[in-house]
Amino acid sequence: MRKHILKLFLIGLFIAVFSGGENLAAAQQAFDADAATEAYLASVPAEDRAASDAYFEGGYWLILWNTLYGLAAAFILLQFGISRKMREWGEKVTRFKFVNIFAYIVQYLIVSFAIGFPLTWYAGFIREHQYGLATQTFGPWFNEQLIGLGITIVIFGFALSGLYKLIAWKPKTWWLWGGAGTAVFFMIVLTISPVFISPLFNDYKPLEEGELRTEILAMARANQVPAEEVYWFDASKQTTRISANVSGMFGTTRISLNDNLLNDATLPEIKAVMAHEIGHYVTNLFIALILPISIVIMLGFGFVHVTFNKVNARYGAKWGVKGIADPAGLPLLFALLGVFFMVMTPLLNTIIRENERLADTYGLNAAQEPDGFATIALKLGAYRKLDPTPLEEFIFYDHPSGRTRIQMAMEWKAEHLGQMLEIEDLLEAVERMEEEAASAEE
Ligand SMILES: [Zn+2]
C-alpha cells in the first residue's frame, strides 16, 4: 500500500512541477504582499503599539544620556586625581609592569561600575519593569550585575592591559594593531561565551524528544550546522523577551532557545526564529560582522590616537596623566571612544542590521515559514517600534523593523506561493489517500 501511495505522490509531484508555471502566476496575482503587510501591522492594538513605541524611542535618548554620563564620570575621575591615585596604588602592588596596569584596570572597572550604577539601575531595572519586560526582583538582578562585573574584570582586565602593553610597544601604530586584536578578542569571547559565560546566568537543558527538536535538528543538519543537541534555557526568570541563538565555534557550537520562545510561540514561529539563527551561523559571522565592526573600532582607536595627546597636553599636568601610554589616562581614552561611538551609532547599527537582514533572508529560505516569520516579528514588536520612518530605522535600528521584516516575509511568500500551494495540496492528497487506504484495510 505504501509503495502505491509513494508512486501516486511522485506522479503528483511530476504534474505539479510541470504545470507549476500557470499556478504560480495565478497565485502571485491573487496575493498582494503590501496589503498582507499592512494587515499584519494593523492587527496590533493601538495601545500596545504606543507602549512599544515609547519604550523604543526612550532607548534613543539613552544613547545620549549614556555618553554624557560617561563623560561626566571620566571628568570626575580625572579632575579629582582619583585616576592618578589608582595608578599609584596599582604601582605599589608589585614591580611587574603588567601587574601594575592590571591592578589599575581592576580598580577602574570597579569604580566605574559604582559611578555608573544609577544609570544602569534605571535603564536595566526600573525602565524594564515599567514596560513589563523584566521579571526579576532587585536582589537577583543585582547579583547578576555583580557576576557581570566579575566577568568584565577578568576579560577586560587582560584585554586592556594588553592594549596598554601594545601602546607602549608600538606608540605610532598601536591603533592599527589594536583593531586586529579586537577581531581576535571577539572571536575568543564568542567561542568561550556559550560554554563559560552563558551558564553563569541561566540553566541550559537539552530539549526533550519531540517534533520541535526533530525539526530544529533537521534544519540544522540540512544547513551544515554541526550541532547534535538543542538546548533551552530559563530566561523567563529575568525577562519576558523571546530569544534564541546558535553560538560558539571551533567545537563549542550549540543551538539554544529560551523558554519564553518555547512557551509563547507556535512551531512555524520557532522554526522561523531558529532558521534566522542558523543563518547567522552559516553566513560567515567573521566576514559579515566581526571584521567590519573591528574596522570601526580600529578607526575609533585612530581617533583616540589623534586626539588624546591634544587634550592631555592641556589638562594632563593637572590630572597627573603622563601620556597615552599611562593607564591613568584610561578615563580620557574611554571618553574619547564614547564620543566616537555615539557619532558612529548609525554606521554600527547599519552594519549589524544588514547582518540581521542577511540572517532573515537565509532564515526565510531555510524555514519556508513566511507567516511564522511575520507573526514572530509582531511579537518582537512588544519592545521594538514596529513601524519607524526609514531615517529612524537607519539611525537607531540594529535589527530590521517589524514592518521591514513582515514586508520581506510577504514578498518571499508572494514569490513562493504557487510552490507552497502545490506542496500543501500534494500533502493533503497523500493524507487523504492514506486515510482512505486505512479505512479500506479495516
Ligand atoms: Zn539575529
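Just so you know, ligand 1 is whichever comes first in the structure, and atom 1 is the first atom listed for that ligand. Computed from a predicted structure; not experimentally measured.
- Centred on the Zn ion (ligand 1), the NE2 atom of His276 and the NE2 atom of His280 lie at an angle of 100°, reported to 10°.
- Distances from the Zn ion (ligand 1) show that Glu356 has an N/O/S atom below 2.8 Å.
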>> Please evaluate residues Phe396 and Tyr60 with respect to the criterion ring-ring contact (aromatic ring centres under 6.0 Å, His included), reporting the C-alpha separation (whole Å), side-chain torsions for both, the decisive distance (0.1 Å), and the verdict.
In response: CA-CA 7 Å; Phe396 293 113; Tyr60 304 165; 3.8 Å; yes

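- Among the backbone and side-chain atoms of His399, none of the N, O or S atoms lies under 2.8 Å from the Zn ion (ligand 1).
- Of the residues Leu291, Ile287, Leu285, the one that meets the side chain to side chain contact (heavy atoms under 4.5 Å, CB included) test with Leu289 is Leu285.
- Arg403 has a carboxylate O that lies under 4.0 Å from a charged side-chain N of Glu38, or vice versa, which qualifies the two as a salt bridge.
- Contact between Phe201 and Glu144 at its shortest, heavy atoms only, is CE2-O, 3.6 Å.
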